[in-house]
There are 2 protein chains.
Amino acid sequence: MSLGGLQRSRYLLIIDKIKQDIESGYLQPGEKLPSENKLAKKLGVSRTTLREALRILEEEGVVVRRHGIGTFINKKPVFYNGIEELTSITEMIEKEGKVAGNRILFSDFVTPIAQDKDVLNLKDDELVFLVKRVRTADGSPVIYCIDKIPAHIVPDDAIQDNESIFDFLEKEGDVTINYATAVIETIGYHEEISKILDCDQESPLLILKQTHFDMNDQPVLYSINFFRADQFSFSVFRKRVNF
Amino acid sequence: MSLGGLQRSRYLLIIDKIKQDIESGYLQPGEKLPSENKLAKKLGVSRTTLREALRILEEEGVVVRRHGIGTFINKKPVFYNGIEELTSITEMIEKEGKVAGNRILFSDFVTPIAQDKDVLNLKDDELVFLVKRVRTADGSPVIYCIDKIPAHIVPDDAIQDNESIFDFLEKEGDVTINYATAVIETIGYHEEISKILDCDQESPLLILKQTHFDMNDQPVLYSINFFRADQFSFSVFRKRVNF
DNA sequence: ACGGATTTGTTCGTATGTATA
DNA sequence: CTATACATACGAACAAATCCG
């Protein structure tokens, strides 16, 4: 039973199909799906494969499974684009339906401060590539970004305009960002940054400090982002873990 | 092939065993586990069952699996106590090693505003039970809390001092909070709240607006919490989802 | 550079357990 | 009690990624 030239595996195709059926309205919120046996037969896959798809859909909050009752399309709008889902700033802005832009203020190799050495696990005398820039949404400045990358993974050519650091690292630097640990803070007013983001003393800034790790759990990017609080908020899905 | 009177399923037992082996030091961080075939044989379960256990352990960040290479005990300390893990304010304060306290400013049934009706899915004319209070850590005020609960799930007796809303609802209200959707915002200064929390115009507030849901996906608690930004920050584990 | 060995990923079929209506 | 539906479990086969000689 060969899959032929299929690059996407079957359970991913099932996930796509079910999501698509929800989008199109063929599957309604709250609706009960056919039993796993019937649905598997209808979709032409084994029950194991269907269950793998349903497991992931449940994890994503798309469906709810109840033992002995059935599987249902979730009534609630799924909490997309929460902060726990790692995306680049570019994606964040574009998901708002706006055009993401970039203005680079500074970009060069510099001597790291003690904190950088610690966070990025730098070797002695290793430099960091520092980028300071302003991100714009539909032309107006909304985020001030400081990115620090260990010198050994930065290719020789400097960073391009309008380029996501994510894409830049993955295309040029031969690393893949896998996850990040983030801390959310806030600051009332910053002499320099508030001015650049064109916001007055009344409107504070949200700060997202992130350490990004690659597939080998090595830190590859430390970034500090200042968001205009009147333009951004972060959403989180909080799960109960202790019984 | 009966499981006998086993109440805990096999894959859960495998999870327990592996976690225990890590605790005891028998399995070291970064160590490679035997191949799935060998390990399954050694543990006396099928590869399917072992994989189900490994899947969950990977989800929890305990192990890392690499296609074609093997499965490893995670080097990194698992990211505990991030904001995505739903805990009560009481727990948050106590995890900092401080004594959690409570000062109730207001508590009574009131007419809901339009937003409350929407968020809490209230019936016509249904009141909400509103609680305003200051949470203290080691005696000093750190969080200002506004909690709103639909009248029909609030028992007749009013809320006790020093009691967690979580515990209160679960003990008296016969509901179990399952998850919450949260939005993180910030505000520079609030005439009334900043004064109560004893912080000046310079230090902003972090705001956590949460809708809590019970096991049946019904909203049971809407709470707005104002945190002193110099005392609190939120951490999040951000996962990459799109290849 | 190639090929085989190893290891995890995917998929199938089937059987039995357990919760719910 | 019985039927239905999801949960757990086993065994087997092949695919895909990686590693090593």
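Because the structure is predicted, anything quoted here is derived from the model rather than measured. The sequence lines fix the lettering, A, B, ..., with proteins before strands; numbering per chain opens at 1. When reading the values below, keep in mind they use all heavy atoms of this one structure, side chains included, and skip hydrogens, waters and symmetry mates.
- Phosphate proximity of C:dG9 to A:Ser9: absent, as no side-chain N or O sits under 4.0 Å from OP1 or OP2.
- In the set C:dT8, D:dG11, D:dA7, D:dG11 carries the atom at the smallest distance from any side-chain atom of B:Thr48.
- In this structure, CZ of A:Arg66 is placed 10 Å from P of C:dT20, rounded to the nearest angstrom.
- Taking atom CD of B:Glu52 as the reference point, atom P of D:dC10 lies 12 Å away to the nearest angstrom.
- For the pair A:Tyr11 OH and C:dC12 P, the computed distance is 13 Å after rounding to whole Å.
- Distance CD1 (B:Ile56) to P (D:dA7): 12 Å, rounded to an integer number of Å.
- If you take CG of A:Leu39 and P of D:dA7, they are 14 Å apart, rounded to a whole angstrom.
- Listed pair B:Arg51 / D:dA9 fails the phosphate criterion, with no side-chain N or O lying under 4.0 Å from OP1 or OP2.
- Taking the side chain of B:Lys32 as heavy atoms from C-beta on, and the options C:dT7, D:dA5, D:dG11, the nearest nucleotide is C:dT7.
- Looking at A:Lys19 and A:Glu23, no side-chain N of the basic residue comes within less than 4.0 Å of a carboxylate O on the acidic one, giving no salt bridge.
- Classification of B:Asp124 and B:Lys117 as a salt-bridged pair fails, no side-chain N sitting under 4.0 Å from a carboxylate O.
- With C:dG9, D:dC6, C:dT11 as the choices, the nucleotide that has an atom nearest any side-chain atom of A:Arg65 turns out to be D:dC6.
- Nearest to the side-chain atoms of A:Ser35 among the listed nucleotides C:dC12, D:dC6, C:dT10 stands D:dC6.
- What separates CG of A:Leu50 from P of C:dC12 is a distance of 10 Å, to the nearest Å.
- Nearest to the side-chain atoms of A:Lys38 among the listed nucleotides D:dA5, C:dG9, C:dC12 stands D:dA5.
- Looking at A:Asp147 and A:Arg133, a side-chain N of the basic residue comes within less than 4.0 Å of a carboxylate O on the acidic one, giving a salt bridge.
- In this structure, A:Thr49 does not reach the C:dT10 phosphate: none of its side-chain N or O atoms is under 4.0 Å from OP1 or OP2.
- Between A:Arg55 and A:Glu52 a salt bridge is recorded (basic side-chain N to carboxylate O distance below 4.0 Å).
- Separating the NE2 atom of A:His67 from the C1' atom of D:dC6 is a distance of 5 Å, rounded to the nearest angstrom.
- Distance, B:Arg10 CZ to D:dA7 C1': 14 Å, rounded to whole Å.
- A salt bridge links A:Glu36 with A:Arg65: the closest approach of a Lys/Arg side-chain nitrogen to an acidic carboxylate oxygen falls below 4.0 angstrom.
- Here A:Arg47 does not reach the OP1 or OP2 of C:dT11: none of its side-chain N or O atoms lies under 4.0 Å away.
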